[in-house]
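Read the structure below first, then the notes.
On a predicted model such as this, the values are computed, not experimentally measured, just so you know.
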Amino acid sequence: MSPYVFPVQTALFIFVLIAMFLLVPWLIYGYRKDGFFSWSRFGVSFSFIFYLLAAYCLVILPFPTTRNTCAQQAADTVYYNLVPFTFVKDIMKETPIIWSQPASYMGMIQGRAFLQVLFNVMLLMPLGVYIRYFWQKRTYWKQAILSGFGLSLFFEITQITGFYGYYDCPYRLFDVDDLLLNTSGTVLGFFAAPILLALFPSRASIQAKSEQLLEENKVYPVPQLLALIIDGVVVVFLSNLMSIFNWSNTNVIVSTLNTAIAMLFVFFFIPSLRDGKTPGSALMRFRYVHRENGEPSSASLFKRLLALYAPWILVTVAQIITDYAFLNENVMLEPYKVWISVGIFGLHMLILLVLFVHVMLVLFSRGKRAFYCDDVSKTRASRK
């Protein structure tokens, strides 16, 4: 199993890097598509990405230690096999079978040639399962054949070209048997898929839940938090954009004013003009309305802005005081500078801790709690 560990570990490392960049966009896409986060669909989709990476790494890794692979091979090396079913001869040659003695079958199963055939069949079996999940209907078996053959051909071309020409000579064999076995594995996986897919909710059940949530007008805390994060990114972008136009004066007061103006636009003016939708909530397909009448209210939106503005301005003012104390050469302040720093740091940590605990409580309440900014402003998220 050791030759397979390194490729899988490499695929896992690459997958983690890709997942870090795809997680938030995928959550947004999933919510926009279904109206809620289907963790089963999320797991299937991300496992599909990992599977493709793992299969690809198993085919190409490990790489040769030198680009001049021709020097490591005999002059008459053949880089391809175009005779189908050669694997049958290889199995019989390596482990002869005596049909009247079943004990000889075990030797065949444990032989290298048979295990290689088994690996090639199993390599693309998961692809057939994924195709069945994504397309659902049994009539798509032709697409399974084409997909399995196409992916296998891509792998074989990668090998015969020496990783697309990077190596002087191919370091693995182009084998027509691999095409046959990989494609067969895809078809087997496609028809065996219902056994595994019974463990996951069907696309029809996901659609039914989406329609139910729309009817109940429910917006769970996770999409609301994502909307807040998106709005925060927009605030930072606008604040930095405004700082470009007053480049000659970029002190902390100007920076604070820029951020305050950006927050005013994002959390008040934009939702007031767009029927209660901030940039983040518009992307997540909901809006902020008053709890009682179900319509956007300028007064409640402004209160929500103040609630979001309060912790930020508190931290900012504390930072300004710290900067002033350390830049000021007043002798009277000298003994207190350390205590000021400790106090301001403690205030930062306290605010962050309170906000973190609050967010966790809201997220794990499954919609029974509201974020503090919505609570004090009497607003709620609505999909209608």
Side-chain angles (χ1 to χ4, degrees), residues 217 219-243 246 251-324 343-363 365 367-383:
N217 196 20
V219 181
Y220 285 109
V222 175
Q224 294 184 54
L225 179 61
L226 279 175
L228 271 173
I229 293 173
I230 294 167
D231 289 336
V233 172
V234 175
V235 166
V236 172
F237 172 77
L238 291 177
S239 178
N240 291 333
L241 188 63
M242 285 186 285
S243 68
N246 45 31
N251 58 46
V252 67
I253 302 296
V254 174
S255 178
T256 302
L257 183 60
N258 288 340
T259 303
I261 294 172
M263 291 183 71
L264 187 65
F265 268 97
V266 171
F267 293 110
F268 181 69
F269 286 132
I270 292 178
S272 295
L273 296 173
R274 299 193 68 241
D275 199 27
K277 295 178 181 179
T278 65
S281 68
L283 189 60
M284 300 305 296
R285 289 186 173 175
F286 68 85
R287 60 180 184 150
Y288 296 102
V289 299
H290 196 276
R291 287 183 184 175
E292 295 177 0
N293 58 25
E295 294 295 331
S297 166
S298 296
S300 61
L301 288 173
F302 191 73
K303 290 178 182 178
R304 186 173 182 273
L305 164 66
L306 293 179
L308 291 168
Y309 186 73
W312 175 80
I313 194 62
L314 184 61
V315 171
T316 303
V317 170
Q319 188 62 49
I320 292 174
I321 293 172
T322 305
D323 294 343
Y324 173 79
I344 297 302
F345 178 78
L347 179 63
H348 274 126
M349 292 298 101
L350 179 62
I351 291 175
L352 288 175
L353 178 62
V354 170
L355 288 176
F356 176 78
V357 172
H358 170 68
V359 169
M360 290 299 104
L361 288 174
V362 173
L363 290 179
S365 70
K368 296 179 181 179
R369 290 174 177 264
F371 289 107
Y372 80 95
C373 54
D374 298 326
D375 204 17
V376 300
S377 62
K378 295 184 178 180
T379 58
R380 63 179 176 85
S382 172
R383 296 182 65 194

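Counting non-hydrogen atoms of neighbouring residues, nucleotides and ligands closer than 6.0 angstrom, the CZ atom of Phe302 reaches no more than 12 such neighbours.
Listed here is the closest heavy atom pair of Pro271 and Val266: CD-O, 3.2 Å. For the pair Ala307 and Cys373, the tightest heavy-atom approach, listed with the atom from each and the gap, is CB-CA, 3.8 Å. Taking each heavy atom of Leu305 and Phe267 in turn, the nearest pair found is CD1-CB, 3.9 Å. Between Ala381 and Phe286, the shortest heavy-atom contact is CB-CD1, 3.6 Å. Arg274 and Ala282 get closest at one heavy-atom pair: NH1-CB, 3.6 Å. When all heavy atoms are compared, the tightest approach of Ser281 to Gly276 is OG-O, 4.1 Å.
Inter-residue side-chain proximity for Thr256 and Val317 is flagged as unmet; no heavy-atom pair is nearer than 4.5 Å. By the 4.5 Å heavy-atom criterion applied to side chains, His290 and Glu295 are not counted as neighbours.
Under the salt bridge (charged side-chain N to carboxylate O under 4.0 Å, His left out) criterion, no residue pair touches residues 345-358, with sequence neighbours excluded. Annotation: side chain to side chain donor-acceptor pair (under 3.5 Å) contacts involving residues 301-313, sequence neighbours excluded, comprise Tyr288-Arg304, Arg304-Asp374.
Residues that satisfy the salt bridge (Lys or Arg N to Asp or Glu O under 4.0 Å) test with Arg291, not counting sequence neighbours, are Asp375. Taking the side chain to side chain donor-acceptor pair (under 3.5 Å) definition, one finds that Arg287 meets it with Asp275, sequence neighbours left out.
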For residues 221-240, please give each side-chain donor-acceptor pair under 3.5 Å, one per line with the distance, not counting sequence neighbours.
residue	atom	partner	partner atom	Å
Gln224	NE2	Val219	O	3.0
Asp231	OD1	Thr278	OG1	3.3
Asp231	OD1	Gly280	N	2.6
Asp231	OD2	Thr278	OG1	2.8
Ser239	OG	Thr259	OG1	3.2
Asn240	ND2	Val236	O	3.2

Under 3.5 Å, which donor-acceptor pairs do the side chains of residues 343-355 form with other protein atoms, sequence neighbours left out?
residue	atom	partner	partner atom	Å
His348	ND1	Ile344	O	3.2

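One finds the CZ atom of Phe265 at 11.5 Å from the OG atom of Ser272 (value rounded to the nearest 0.5 Å).
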From CA spacing to verdict: side-chain contact (heavy atoms from CB on, under 4.5 Å), Phe371, His358
CA-CA 8 Å; Phe371 289 107; His358 170 68; 4.0 Å; yes
